[in-house]
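Only one structure is covered here, and it is reproduced in the block below.
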There are 2 protein chains.
Amino acid sequence: MDLVRATTDERVLRTLMEHRRLTRAELAVLIGISKPTAGESVRRLTDAGLIADTGERTAGGRGRGRVGSYYALRQDVGTALAVGIGPEGVIAEAVDAYGEVAARAEQEISRPARPAQVAAAVRTVAADAATRAPAPPRLAVVSAADPVDRATGRLVQLPDAPFLVGELDPVTVLAPYVTGPVAVDNDVNWAAQAERAAANPPLADFAYLYLGEGLGCALVSDGEVRRGATGLAGEIAHLVTTGPQGRAMPLTGVFAELGLHRPGSAAIDVDRLLSAATASPPLREALGRALGGVIAALVALADPAAVVVGGPWGGNEAILDAVRAGFAGGPRKVAIRAAATTALPALTGARLDAASRLRAAIVAAAGAAHAIPS
Amino acid sequence: MDLVRATTDERVLRTLMEHRRLTRAELAVLIGISKPTAGESVRRLTDAGLIADTGERTAGGRGRGRVGSYYALRQDVGTALAVGIGPEGVIAEAVDAYGEVAARAEQEISRPARPAQVAAAVRTVAADAATRAPAPPRLAVVSAADPVDRATGRLVQLPDAPFLVGELDPVTVLAPYVTGPVAVDNDVNWAAQAERAAANPPLADFAYLYLGEGLGCALVSDGEVRRGATGLAGEIAHLVTTGPQGRAMPLTGVFAELGLHRPGSAAIDVDRLLSAATASPPLREALGRALGGVIAALVALADPAAVVVGGPWGGNEAILDAVRAGFAGGPRKVAIRAAATTALPALTGARLDAASRLRAAIVAAAGAAHAIPS
DNA sequence: CGATTCTAGTCAGGGCTCTTGCCTGGAAAG
DNA sequence: CTTTCCAGGCAAGAGCCCTGACTAGAATCG
C-alpha cells in the first residue's frame, strides 16, 4: 500500500503551492518529515514533471552554511480558466496554482444578449486568455448570470425570470480550450463563495442575496454552497412575498407593479430603480417589505447566521436600511449586511474555485504518475 | 506513520460490524488483505479488548479442511441510547453496533407536558434501557419534538409555535447515563434521516414536511440534513403563505383561522383536523393552498428532488392530494409523496444515527489503543 | 481404517516507506 | 586560513505489508 507515499507527495506539493519555492530542508521542517523523505519525494515529483529546481540558490542573507536549491511547481503544470458571463460582457482569466491571474481577456456584449454572440465572445476571450497564459489551461470554471442546470451545466430559462445570457452550453463551448473538465455555476453562488472566503471569522451558514438586473440567492450550509437537486436552489423570483399594497405576490411581480423592469423584459432597470428608490421613500419601503419577506422565508427555512446583500443595488445603504426595516416585523432576528466583495464578486469566487480545482488536479496527477510508471 | 495500520484495523472492525462474525481467513478475503495481515490486525484488536474469539468454529457444512475460529465484536464494546421525546411519551432504546435494539423502555406523559415531568420520564427510561442493555451505553442520540439549539442541544421556544415538550436540556439530563457525548436534534430532522436511509435509489436532495401537532420541515442537501447556524432551519410556523381567504399570513395563522388548534395552545388538534378535512372540501383546499405555498418557498430556495410528507396527518391521501393541488399553480414542479417510514420515523432516524456514532466511537477507540500503548 | 484432500492459520523472506544518526560539500564569518 | 553552520546524501533499522511455503487438523474417499 503506497498510500503513505502518496500523502507525503501530496503534502510536499501543497506546501510548495502555498510557499511558492522551498528547499528540501525547508520542506522537511514545514511538513514535519525527515530530510531523506523530503529529498525522495522531491525526486519523485521532479521525475513526474510536476516540480523543478528553479536554479535559485539560498544564502540570501541566511548567514553561513551550504547553499540550498529552491524547488517550485513547474510553469507548465498548467493554468485554469475562470470565465464570467454576464449580460454586459464576458471575462476570461487564466489563473495559476497560486491563485494569481496570469492572463486576462474581456469583451463587451451588445444588449440584448444573443446566445450566438455570447458564445462567440466566450470563445474569443477563452482563446485569448489561453494563448497568453504561461501554460495551457487544464480546466475551466464558469460563472453565468442565469440559472444553471447542475447535471449538464447548461443555462436554464425559468418562466417570468429574466434570461440575461440566454440559451448557452458553456461546457461544449469551452471544452476545446481545456484538457480537463468545465464546471459551471450561477454567478450568485460564486459570489457567495467569494464572500465566504473573505469572511473572518469563517461563515459556515449564511445566505447571499443578490440584487441586480436579476434577483438571486445563494445558500451556504455547513461551509458549502448548496445547489439543490437540479442546481436551481435560490431562484427566488417566484417566492411569494408582500407586495406594494400589502397583497401577497411573487417577488418578480413586485418589480413589475413598481414599474422597475426594463421595457419588454423581466430584467430590472438598475439605474431607474436606484434613482426611484432615492427619490421616493414609499417605493423604497415597498422594496424593503418585499425583500424582507424573502429574507423571512430564508431565515425560516435555512436559518443563516447572517444575510449578506450584494449586487449593483444591494450595496446601497438606503435600500439596505429599508430591507432591514421590512424584515424587522417578523419573529426571528438575523444580521443583514452589505457584501464585502463588491468588485466582480462572482468572478472572484470562480477564480478561487478554479485555482482550488487546479491544485487538486495537480495533486491527482502526482498520484497517477506512480500508478502507471513509465 | 502508522496510518496504514490504522486503516487496516478500521477495515477489519467495520467488516466485523457488517458481518457479525468472521474467521481471519474470511476477513482477509473480504477486505482484500493477506492472511498474515488479517491475523495481525485481529491480534491487535483482541489485545485492545474490542473483539474476541466467540468460541464458535467453522466446519458447519463447509466440507473438509481445518476448522476456523470465529471472531466478533465483544459484547462489552458498548451500546448507544436512542431517545425519543414527544408530547405523548418518552422512549429509550439501547442499540448495539449492528444497529439492533437490545433493550427498550417507554413511558407516557400526561398532557400538557411539564418539563420536570418530562425530564423525570427521560431519566427513568434511560436508566431502564441502560440497565437492561447487555453493555453500558457509551453515547446517546436524542430526538425531541421541539426546535433544538444546535450549539447547546437545549430545546428552544419560538414565539407562537407550540412548545410541545417544553424547557429541557437533554444533554444534562442524559449525561449521567452515558460515558460519551449526547447529541440532540429535532424529531423532523431525524425523520428525514430515516427517510433518506430508506430511499432507494438514494435521495441526496429532498425536503421532509412533517404535519402533526407541530409543523416542521427538514432539508436534506447533498446527502445531509442541514440544520442552519443555530439549528432552527425548517421552522416553518411563520413562513408567509396563502390564507383561507387568499390573504397572505403566517402558516400558523392559517390553523388559528381555521380553528384547528387545541384550546389555549398553538398545537394542532390532529383528530379534529382529520375529521374536518374529511367532512369539508373547502377546508381541505384551504389547507392544501397554505401548504402548497410552503412547498413553493421550499422549492424556490432549496430545489429538492422531492417533497416527502409525513406525520400523523401528512400521510392522509386526501390531504396529500389537496397539497398537490395547492402547489400546482406555481411555475416549478416537484414530486410530492407520502413518507415511507410511518412507524416512529424520528426514533428510527435517531436509532440509525446512534448505531453509526457507536461504530465510529469503537473505530476511534481502536485508533487510540495503539497511540497510548500500555 | 489409512491415505488423501482441503482449508485455517503461522512462519520466513523480501519490498516499500519512513526514521535517526552520521558524513560530506561548500559558502560566510572571524 | 580556520571555524562555523547548514543543505543534502548515505547507511542502518523499524514497521507494515505481501508472497510463498509450511503446519495443523478435520472430512472424505478408496
Side-chain angles (χ1 to χ4, degrees), chain A residues 1-12 15-16 19 21-48 51 53-72 366-367 369-371 373, chain B residues 1-12 16 19 21-48 51-72 366-367 369-371 373:
Chain A
M1 196 171 294
D2 40 14
L3 182 144
V4 50
R5 202 251 332 264
T7 62
T8 299
D9 286 359
E10 166 157 359
R11 286 202 289 173
V12 168
T15 308
L16 279 174
H19 292 81
R21 69 198 226 289
L22 293 168
T23 68
R24 279 163 281 194
E26 289 168 342
L27 277 168
V29 172
L30 275 170
I31 300 175
I33 57 178
S34 66
K35 285 191 293 173
T37 301
E40 278 293 299
S41 182
V42 163
R43 193 190 47 68
R44 280 194 299 266
L45 294 171
T46 304
D47 290 350
I51 67 175
D53 187 338
T54 62
E56 299 166 292
R57 297 293 177 259
T58 62
R62 194 189 302 217
R64 26 191 135 171
R66 175 173 172 180
V67 296
S69 306
Y70 279 118
Y71 282 79
H370 196 260
Chain B
M1 197 172 293
D2 40 14
L3 181 145
V4 50
R5 202 251 332 264
T7 62
T8 299
D9 287 358
E10 166 159 0
R11 286 201 290 174
V12 168
L16 280 173
H19 292 81
R21 71 197 224 290
L22 293 167
T23 68
R24 279 163 280 193
E26 289 168 341
L27 277 168
V29 172
L30 275 169
I31 300 176
I33 58 178
S34 66
K35 286 191 289 174
T37 302
E40 277 293 298
S41 182
V42 164
R43 193 191 46 69
R44 280 194 299 265
L45 294 170
T46 305
D47 291 349
I51 68 175
D53 187 336
T54 61
E56 301 165 291
R57 296 294 177 261
T58 61
R62 196 190 301 219
R64 21 192 136 173
R66 174 174 173 178
V67 294
S69 307
Y70 278 119
Y71 283 80
H370 196 259

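Quick note on labels: first sequence line is chain A, next is B, and so on, each numbered from 1. Values below: all heavy atoms of this structure, side chains included; hydrogens, waters and symmetry mates excluded.
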Separation of atom [atom1] in [X] from atom [atom2] in [N], rounded to whole Å:
X     : N      : atom1 : atom2 : result
B:R44 : D:dG15 : CZ    : C1'   : 10 Å
A:D9  : C:dC16 : CG    : C1'   : 13 Å
A:R24 : C:dT24 : CZ    : C1'   : 14 Å
A:R57 : C:dA28 : CZ    : C1'   : 17 Å
B:K35 : D:dG20 : NZ    : P     : 12 Å
B:I33 : C:dA8  : CD1   : P     : 15 Å
A:L27 : C:dC18 : CG    : P     : 13 Å
A:D2  : C:dG15 : CG    : C1'   : 12 Å

Identify the residue among B:E56, B:R21, B:R57 that makes a side chain to side chain contact (heavy atoms under 4.5 Å, CB included) with B:S69.
B:R57

Please determine whether a side-chain nitrogen or oxygen atom of [X] lies at a distance below 4.0 Å from atom OP1 or OP2 of [N].
X     : N      : answer
B:T37 : D:dC18 : yes
B:S69 : C:dG9  : yes
A:R5  : C:dT17 : yes
A:T8  : C:dC18 : yes

Check against side chain to side chain contact (heavy atoms under 4.5 Å, CB included), A:T23 and A:V67
CA-CA 10 Å; A:T23 68; A:V67 296; over 6 Å; no

Which donor-acceptor pairs under 3.5 Å do side chains of residues 32-41 of chain A form with protein atoms, sequence neighbours excluded?
unit_1	atom_1	unit_2	atom_2	d
A:S34	OG	A:T37	N	3.4
A:S34	OG	A:T37	OG1	2.9
A:E40	OE1	A:R43	NH2	3.3
A:S41	OG	A:D9	OD1	2.6

Minimum-distance nucleotide to [X] side chain [options: [options]]:
X     : options               : value
B:A25 : C:dC18, C:dA8, D:dA11 : C:dA8
B:P36 : C:dT17, D:dG8, D:dG20 : D:dG20
B:R66 : C:dT19, D:dG8, D:dT23 : D:dT23

N/O donor-acceptor pair under 3.5 Å between B:T54 side chain and B:A72 backbone:
no

Where do B:D53 and B:T46 land on the side chain to side chain contact (heavy atoms under 4.5 Å, CB included) test, with the steps shown first?
CA-CA 8 Å; B:D53 187 336; B:T46 305; over 6 Å; no

